[in-house]
There are 4 protein chains.
Amino acid sequence: MRSQDASEAVLAATAALLEEAGYHGVTIEGVAKRAEVAKSTVYRWWKSKPALVMDAYRHSVEQRMPTPDTGTLAGDLTLFTTELYRIAEHPLRVRALRGLMAEAQLDPAFAEEFRGWVESRRTVVKEILARAADRGELAPGTDPDFAADQVFGPFWYRLLVGHADLGPALARDHVAQLVEGLRGRGTG
Amino acid sequence: MRSQDASEAVLAATAALLEEAGYHGVTIEGVAKRAEVAKSTVYRWWKSKPALVMDAYRHSVEQRMPTPDTGTLAGDLTLFTTELYRIAEHPLRVRALRGLMAEAQLDPAFAEEFRGWVESRRTVVKEILARAADRGELAPGTDPDFAADQVFGPFWYRLLVGHADLGPALARDHVAQLVEGLRGRGTG
Amino acid sequence: MRSQDASEAVLAATAALLEEAGYHGVTIEGVAKRAEVAKSTVYRWWKSKPALVMDAYRHSVEQRMPTPDTGTLAGDLTLFTTELYRIAEHPLRVRALRGLMAEAQLDPAFAEEFRGWVESRRTVVKEILARAADRGELAPGTDPDFAADQVFGPFWYRLLVGHADLGPALARDHVAQLVEGLRGRGTG
Amino acid sequence: MRSQDASEAVLAATAALLEEAGYHGVTIEGVAKRAEVAKSTVYRWWKSKPALVMDAYRHSVEQRMPTPDTGTLAGDLTLFTTELYRIAEHPLRVRALRGLMAEAQLDPAFAEEFRGWVESRRTVVKEILARAADRGELAPGTDPDFAADQVFGPFWYRLLVGHADLGPALARDHVAQLVEGLRGRGTG
DNA sequence: CGCTAACCGAGACGGTACGTCAAGTCTTAAC
DNA sequence: GTTAAGACTTGACGTACCGTCTCGGTTAGCG
């Protein structure tokens, strides 16, 4: 049975270090010291640093946003992307995501796990798209996977490269372009 | 004066290790041993592992593709994105790019440098867009920076997450959606 | 808690390397490899090479000779110096002492520590001298510190320069001269 | 032909570094940089750091003191030891000697050379003793080598250990004890 | 008076060892 | 029987100098 005290202290320490020192500044050793917990305790419950950070990230999000269903593609995407871009307002989440993506590049085992989590987020978008397809809002033959890439790609790209500001203000334009692009060449 | 022998041996060793063992498998020590060169020689010319990998990547590309100029946005983007997606056909480049992006997340100093390189690639796209804007192919008020994100974002996202195949075959659809999205709601 | 296995292996390896390769031939890296121990383990318990060698030296001596107390200055000094010169019969100790003295010249931090150890040895002589003074065997006003230098100085000098043989055979003459010199111009 | 400029600059730089940073702070690389001279130039004329420091030491002494000859052992020794202890008044010489003695412990090749230099200094004392023996001032059977150790030993010991002040003020007592000790047992 | 040999600076090179860091595994003892 | 404490191996880091070496660019003095 995982001791709630220890586990919470570890997650809190992880979150604190993430905020203060960035992903690189988070070390299992540092977390253990900060949480006043033995290193072995951390390893008992989390198998690696990225797994720990992933958990800390999930705790920072808490409530799962329900899949939006407004009846139109634009409406659904607006809700979804606005929420997505809102991540940028939370340094902890930004740092966590950037670090996790980095880790996924370096550690194939974690990449697998990370991909699973990413897929769960993509599924939400693919459901939105499926409903839109049913309504005839999508050009026939649209690949939902590549469409999802169009939703997440620019967000992640900007998040990772950091060349420009990121925030919910971008959602409107993003959705406009998405809808236009996905509807296809209207007049043929 | 940098000795050509040493420098080439180092870059070759870096490339070889990248291919064989991935970005994580590249270590300065390993490169030095492989290249039969002293560690200090590597450090003399490259200030860090990412700088070294970046150089090895550049050497693997060599010829700079000229900015395409076909007279239409679709034409230019098709050329550009096809070339971009072709990266996926070279494991060395894929690994290099993934590792460099990872490193940029972990090391702020390198992030800066990496951003510089990214910007140089973005500039090519922004020039294409500027010409398209002059021709009236873009909706007025289009933000070229965000538009560039739409070009690179999906590519990088798929490259980094690895959830689906990547290759020049995607270029056609990508361009179609971009052109549609960027032209805007033509008839209102 | 220091693991006895590791610690003993390290000291044994240090002693072995001292014998085989001299003080210069002792490196932390070499000791670690020889002791089949991680370098960090050596560093955990000894803060530097001289500290390690000092410890190895102490282990090689083990039993502390009791302060001699024969009732006469000549008797005490004979016992003490004989023991002192006997060091020359143990190559390991000779190398250790020469190396430690060398290190004390090069590293001020270690010099401090070394001085402490030297002082502990000097104290033995100063106690002998104090008792002799009580018995009236010393010229009044004799400086015990400088007198101790007269005991240790020639020994160390010959040990370090290596210009002539060193061994317990020298003790008799040394003591004769010391006693004569320290008694002073008694009868004028 | 050795360029006088370069050679002097090197010796001056060595002396300066010796004073400022101690023997350990002298590195061939540092000397070369300081003297604005190529490293290879230093190596051309001095085969090692101790050789260089030895040279710098010799330059700091300049005139060779003539062997004292006052007609009495006490007189000769007083002149000699006073001069000897005066070394302590020159930080450069102190640091040089300490460093050279250290080096002699670590580098057998240099030890040889160093021993030669030491012997030249010992010879002066042995000449003084030979004359004293002729005059009957020494107990018969006195070993001039061990007697010389008695002259130099305490000086070097204090110089190297640094446990107490060193200076010409010590010469008087030292000589008194030497003369007494060397003359032998009053009644004999 | 011009040639050539030496000496010069600059600095790259292969090495060795340093001391540090964090990772992840393992053992011990207490609660 | 879970924990805390913390020692352990491993592997790479980046640094400092070492002593050797090649490279052109002066300078001197010999012929």
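Throughout, a chain's letter reflects where its sequence line sits, starting with A, and its residues are numbered from 1. We use all heavy atoms of the structure for the numbers below, so side chains are in, but hydrogens, waters and symmetry mates are not.
The distance from the NZ atom of B:Lys33 to the CD1 atom of B:Ile28 is 14.5 Å, given to the nearest 0.5 Å.
DNA chain F is contacted by no residue of residues 7-24 of chain D, taking any non-hydrogen atom closer than 4.0 Å.
Rounded to whole Å, the distance from NZ on B:Lys33 to P on F:dC13 is 12 Å. Distance CG (D:Leu52) to P (F:dC18): 11 Å, rounded to an integer number of Å.
Atom NE2 of C:His90 sits in a crowded spot, with more than 12 heavy atoms from other residues, nucleotides or ligands closer than 6.0 Å.
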Legend entry - Evaluation steps, salt bridge (Lys or Arg N to Asp or Glu O under 4.0 Å), between C:Glu29 and C:Arg34: CA-CA 9 Å; C:Glu29 223 142 55; C:Arg34 175 98 167 218; over 6 Å; no
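Taking the charged nitrogens against the carboxylate oxygens, D:Glu19 and D:Arg93 have no contact shorter than 4.0 Å, which rules out a salt bridge. No salt bridge links B:Arg98 with B:Glu103; every basic N to acidic carboxylate O contact stays at or beyond 4.0 Å.
Close to F:dA7, at under 4.0 Å from its OP1 or OP2, lies no side-chain N or O of C:Trp45. OP1 and OP2 of E:dA12 both lie 4.0 Å or more from every side-chain N or O belonging to B:Ser3.
Side-chain atoms of C:Leu11 and C:Leu52, non-hydrogen and from C-beta on, do get closer than 4.5 Å to each other. The side-chain heavy atoms of B:Asp5 and B:Val37, taken from C-beta on, include no pair separated by under 4.5 Å. Two residues are said to be in side-chain contact when any heavy atoms from C-beta on lie closer than 4.5 Å; C:Leu18 and C:Tyr23 meet this criterion. C:Leu160 is listed as a side-chain neighbour of C:Met101, based on a closest heavy-atom distance under 4.5 Å. The closest side-chain heavy-atom distance from D:Leu106 to C:Leu106 is below 4.5 Å.
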Inset, instruction - Would you give a per-nucleotide map of nucleotides 14-24 of chain E, 5' to 3', where B means the base has a protein non-hydrogen atom under 4.0 Å away, S means only the sugar-phosphate does, and - means neither? - result: BB-BBBBBBSB
Between the protein and nucleotides 25-29 of chain F, which nitrogen or oxygen pairs are less than 3.5 angstrom apart?
none

